Asks: 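This is the structure I want to talk about, given as structure tokens.
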Number of protein chains: 2
Amino acid sequence: MASTQFSTKDRILGAAEELFALHGFGGTSLRQVTSRADVNIAAVNYHFGSKENLINEVFRRRMDDMSRQRLALLERARREHPGELGPVLAAFVEPALALAGDRHGGGAFIRVIARAYAENNDSLRRFLSEQYGHVLREFARAIAGCVPHLDKEQLYWRLDFLSGALTYAMSDFGLIKRPAGVAEVAHRKRAADELIRFAAAGIKSDKT
Amino acid sequence: MASTQFSTKDRILGAAEELFALHGFGGTSLRQVTSRADVNIAAVNYHFGSKENLINEVFRRRMDDMSRQRLALLERARREHPGELGPVLAAFVEPALALAGDRHGGGAFIRVIARAYAENNDSLRRFLSEQYGHVLREFARAIAGCVPHLDKEQLYWRLDFLSGALTYAMSDFGLIKRPAGVAEVAHRKRAADELIRFAAAGIKSDKT
DNA sequence: GTCTATACGATGATAGAC
DNA sequence: GTCTATCATCGTATAGAC
């Protein structure tokens, strides 16, 4: 079979990702997805079972990749800059912002995360915690090693604040918008640098 | 008329807020809303014109109140603690966390906010920016007065990070969970104190 | 002014033929 | 695996009762 061809399943995932990013979940109909992917409407239910599950699979494809990048960068930071907080934060922040800024579905990705907030009790949240909780715990350990005076509870508060700030930055929801004259890559780099500086100061802040 | 009765309009708003929090905008049908509110399906279009406008009005009911509290506390902070960053941040953070912890619908409201991210509702975004942007700008001015060395762009980045961390804290999404033995009010106070300290250090951080 | 009954086109999902 | 056909349900609109 020709390697230039994608499977029906992959074509659906790709089309869904692009459309979700553009118009959101509710704003994207499966008929739009299957039309863009050039497959029959019923194929999405055959391969994914439901629209809900299709959304989860779009998300997983990106999240797995991001987690690998984060852990690889974290290991490098520990090796090359032991005891330094900045490189650890960079390992956490940069793969996420790179993904959010990726034109191919990054927008969809961040919206799935936001949905996980909202569905406070739901299976998506459990899924995230089970699949990717070890990544967060690894970063908690690394940060604790850089800021040993911090007690554990306070460290977790500050990790939560970092995650929240990062999510917000990824979502482009706030005051800051990318100016027309600035390239996407440069904008992401700026966001990462600003966030790392902000969070480093916050995390190092005195206990009392 | 009896004051113990809510109007049709209010019953629709209340039912919508609860259901939006539970199942999202897309996941909540107007028929579910009107069924819970015990009104006819057509009443929502009569009173609100569309589902989209109903969503906006659900936001307005909570946001107007929170914005008033924020601005009142901000004015007091400027009067009683001129030049101090902490009280300004407290004026921004505390009304939001109080709303998130309020048993009367506020808890539902924060989940509604997360839904807004998740579903990338552009018109809701525009609505929020138009209606409440002046509050954020007022805080930007106040913070700039406390940290004059910060240039404007950097200030806006940091305000976005603060907003993100605050939203995350409001949602109870992260690693930190309220322990069973801690009262809701005490947990909110702890969250506010931790966030104010974290953000103050981040905002004051040196430019380079 | 408020509200209801009802209808319309589009959607997500499913069953069964191929 | 993929299709066509079909179904319940969705948001919205309208006509008219009180």
Side-chain angles (χ1 to χ4, degrees), chain A residues 1-3 5-59 108 111-112 115 118-119 122-124, chain B residues 1-59 61 112 115-116 118-127:
Chain A
M1 48 200 76
S3 63
Q5 287 290 0
F6 292 97
S7 69
T8 296
K9 200 169 172 176
D10 280 336
R11 288 212 311 283
I12 293 173
L13 278 172
E17 193 167 49
E18 291 167 23
L19 289 170
F20 288 157
L22 282 171
H23 308 118
F25 306 124
T28 301
S29 73
L30 291 182
R31 282 170 177 80
Q32 288 176 286
V33 171
T34 54
S35 164
R36 173 181 283 234
D38 202 32
V39 302
N40 186 273
I41 168 72
V44 64
N45 267 76
Y46 174 74
H47 287 288
F48 298 97
S50 67
K51 183 178 185 177
E52 173 90 11
N53 194 248
L54 171 61
I55 292 170
N56 288 348
E57 292 303 319
V58 164
F59 173 73
R111 246 162 273 136
V112 175
R115 218 181 36 137
E119 293 174 12
D122 225 72
S123 63
L124 178 57
Chain B
M1 42 202 81
S3 63
T4 55
Q5 287 290 1
F6 291 97
S7 69
T8 296
K9 202 168 170 176
D10 280 336
R11 289 210 312 283
I12 293 174
L13 279 172
E17 184 175 74
E18 291 167 23
L19 290 170
F20 286 158
L22 281 171
H23 308 118
F25 306 124
T28 301
S29 73
L30 291 182
R31 284 168 176 83
Q32 288 175 284
V33 171
T34 54
S35 166
R36 174 181 278 234
D38 202 32
V39 302
N40 186 274
I41 167 72
V44 66
N45 265 73
Y46 173 73
H47 285 289
F48 299 98
S50 68
K51 183 178 187 177
E52 183 175 292
N53 194 247
L54 170 62
I55 294 170
N56 289 348
E57 293 303 318
V58 164
F59 268 83
R61 195 167 59 148
V112 176
R115 295 289 183 178
E119 303 193 10
N120 200 29
N121 191 326
D122 267 343
S123 78
L124 176 58
R125 238 159 116 147
R126 234 182 349 264
F127 171 81

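Note on naming: letters A, B, ... go to the chains in the order of the sequence lines (proteins, then strands), and numbering restarts at 1 for each one. Small disclaimer: the values here were computed from a predicted structure and weren't measured.
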Asks: Thr8(A) and His47(A): which non-hydrogen atoms are nearest, and at how many Å?
Replies: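 Minimum heavy-atom contact is CG2-NE2, 3.8 Å.
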Asks: Pairing of DNA chain C as dot-bracket, 5' to 3': ( ) intra-strand, [ ] crossing, | other strand, . unpaired, with Watson-Crick or G-U pairs under 3.5 Å?
Replies: ||||||||||||||||||
Asks: What residues, two or more places apart in sequence or in another chain, satisfy ring pair (Phe, Tyr, Trp, His ring centres under 6.0 Å) together with Phe127(B)?
Replies: none
Asks: How many angstroms lie between atom CD of Glu17(B) and atom CZ of Phe59(B), to the nearest 0.5 angstrom?
Replies: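 The CZ atom of Phe59(B) is 9.5 Å from CD of Glu17(B), to the nearest 0.5 Å.
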Asks: Please name the pair of heavy atoms, one in Ala21(B) and one in Val112(B), separated by the smallest distance, quoted to 0.1 Å.
Replies: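 Nearest pair, atom of Ala21(B) first, then Val112(B): N-CG2, 3.8 Å.
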Asks: Determine the minimum heavy-atom distance between Ile12(A) and Val33(A), stating which atoms define it.
Replies: O-CG1, 3.9 Å
Asks: According to the ring-ring contact (aromatic ring centres under 6.0 Å, His included) rule, which pairs have a member within residues 23-45 of chain A, sequence neighbours left out?
Replies: Phe20(A)-Phe25(A)
Asks: Enter the distance from Thr34(A):OG1 to Arg36(A):CZ here, rounded to the nearest 0.5 Å.
Replies: 12.0 Å
Asks: Using a 6.0 Å cut-off, check whether atom NZ of Lys51(B) has over 12 heavy atoms from anything other than its own residue.
Replies: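 More than 12 within 6.0 Å, yes.
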Asks: Determine the minimum heavy-atom distance between Val44(A) and Leu54(A), stating which atoms define it.
Replies: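 The pair with the smallest heavy-atom distance is CG2-CD2, 3.7 Å.
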Asks: At a heavy-atom distance below 4.0 Å, which nucleotide of DNA chain C is the first touched by chain A, and which is the last?
Replies: dT11(C) to dT14(C)
Asks: Check DNA chain D against residues 17-46 of chain A and give the residues with a non-hydrogen atom under 4.0 Å, in numerical order.
Replies: Asn40(A), Ala42(A), Tyr46(A)
Asks: side-chain contact (heavy atoms from CB on, under 4.5 Å) with Glu57(B): which residues, sequence neighbours excluded?
Replies: Leu13(B), Phe48(B), Asn53(B), Arg60(B)
